[in-house]
Novice: 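Here it is, the structure in full.
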Amino acid sequence: RDSTLRSAAERERLFARIAEWCVSWAVGAASQEECDQLGMSAAQKLAAARAIAGLGVEPDVAVTDGTWDFVSPSVPKVELAVKADLRCLSVAAASILAKVVRDREMRAHADSYPHWSFATNKGYPCPLHKAALLGYGPSAIHRRSWVFMDNYVPWSASRRTPPAGQSTLF
């Protein structure tokens, strides 16, 4: 199932078993700087290419959840499937592995950035996170080009990075 349909404790419990079942697995990432410089689409393609390179095997097909191909040209054949994580075991497994890795990364940042409640909200815009953005602005690990930020960040105190391909006047 979609990783978000399971509790954090259940995902953690499944993580080791799923990882053992896999012939190979990897998670790719793009930094907040890369997201801001490249734009989210290119950053997602970069993260996917990094994950594929980290596999140590050459996949001949990839199934992605949704309607956008962020995997080509790293894999010769890509199948797009809306709600794939509800119907495809490998996509559901990948969803859990990726979510657990991301949640662990966010918890690792929690002590360095206590105001944003990363230990509990994992960087998603929950009410505590929104309040921290309003009061403190973005942390060093926030994507400044994320359009969501315009509603919650007092840009007069922080540097705004416009989305790739756009400019902004201050």
Novice: Is it possible for you to say whether Trp21 and Val100 belong to one hydrophobic cluster, with membership spreading through side-chain heavy-atom contacts below 4.5 Å?
Specialist: yes
Novice: Could you name each residue pair satisfying ring-ring contact (aromatic ring centres under 6.0 Å, His included) that touches residues 72-95, not counting sequence neighbours?
Specialist: none
Novice: Donor-acceptor check, side chain of Arg143 to backbone of Met40, threshold 3.5 angstrom: yes or no?
Specialist: no
Novice: In Å, rounded to the nearest 0.5 Å, how long is the span from CD1 of Ile18 to OG of Ser90?
Specialist: 11.5 Å
Novice: Could you check if a side-chain atom of Asp103 sits within less than 4.5 angstrom of a side-chain atom of Arg11, using non-hydrogen atoms only?
Specialist: yes
Novice: Below 30° counts as parallel, above 60° as perpendicular, anything between as tilted: where do the rings of Phe118 and Trp116 land?
Specialist: parallel
Novice: Kindly write out the residues that satisfy side chain to side chain donor-acceptor pair (under 3.5 Å) with Ser74, not counting sequence neighbours, or none if the list is empty.
Specialist: none
Novice: Which pairs with one or both residues in residues 51-72 pass side chain to side chain donor-acceptor pair (under 3.5 Å), sequence neighbours excluded?
Specialist: Asp69-Ser72
Novice: Could you state the interatomic distance from OG1 (Thr120) to CG (Leu128), rounded to the nearest 0.5 Å?
Specialist: 6.0 Å
Novice: Rounded to the nearest 0.5 Å, how far apart are OG of Ser31 and CD1 of Ile141?
Specialist: 11.5 Å
Novice: What pairs with Glu79 under salt bridge (charged side-chain N to carboxylate O under 4.0 Å, His left out), at least two apart in sequence or on another chain?
Specialist: Lys77
Novice: With clusters defined by side-chain heavy atoms of hydrophobic residues (ILVMFWY) lying less than 4.5 Å apart, directly or transitively, does Val75 cluster with Leu80?
Specialist: yes
Novice: For Glu12, which residues count as a side chain to side chain donor-acceptor pair (under 3.5 Å) partner, sequence neighbours excluded?
Specialist: Arg104, Arg107
Novice: Can you list the residues that meet the side-chain contact (heavy atoms from CB on, under 4.5 Å) rule with Leu55, with sequence neighbours excluded?
Specialist: Ser24, Ala26, Val57, Pro59
Novice: Any salt bridge (charged side-chain N to carboxylate O under 4.0 Å, His left out) involving residues 108-117? Give me the pairs, sequence neighbours left out, ordered by first then second residue.
Specialist: none
Novice: Look at the side-chain heavy atoms of Ile, Leu, Val, Met, Phe, Trp and Tyr, link any pair under 4.5 Å apart, and say whether Phe70 and Leu97 land in one connected group.
Specialist: no
Novice: Would Val91 end up clustered with Val27 when hydrophobic side chains under 4.5 Å apart are linked, directly or stepwise?
Specialist: no
Novice: Could you pull out every donor-acceptor pair under 3.5 Å between side chains of residues 46-54 and any protein atom, sequence neighbours left out?
Specialist:
unit_1: Arg50; atom_1: NH1; unit_2: Ala29; atom_2: O; d: 2.8
unit_1: Arg50; atom_1: NH1; unit_2: Glu34; atom_2: OE1; d: 2.9
unit_1: Arg50; atom_1: NH1; unit_2: Glu34; atom_2: OE2; d: 3.4
unit_1: Arg50; atom_1: NH2; unit_2: Glu34; atom_2: OE2; d: 2.7

Novice: With no hydrogens and no angle check, just 3.5 Å: does a side-chain donor-acceptor pair link Ser139 and His142?
Specialist: yes
Novice: Not counting sequence neighbours, list each pair that qualifies as a ring-ring contact (aromatic ring centres under 6.0 Å, His included) and has a residue in residues 29-62.
Specialist: none
Novice: Could you give the distance from CG (Leu14) to CZ (Arg6), rounded to the nearest 0.5 Å?
Specialist: 5.5 Å
Novice: I need the full list of ring-ring contact (aromatic ring centres under 6.0 Å, His included) pairs touching residues 78-99, with sequence neighbours left out, sorted by first then second residue.
Specialist: none
Novice: With a 4.5 Å heavy-atom cut-off, do Arg13 and Glu10 have their side chains touching?
Specialist: yes
Novice: Which residues pass the side-chain contact (heavy atoms from CB on, under 4.5 Å) test with Ala43, not counting sequence neighbours?
Specialist: Ala30, Cys35
Novice: ring-ring contact (aromatic ring centres under 6.0 Å, His included): which pairs involve residues 23-54, sequence neighbours left out?
Specialist: Phe15-Trp25
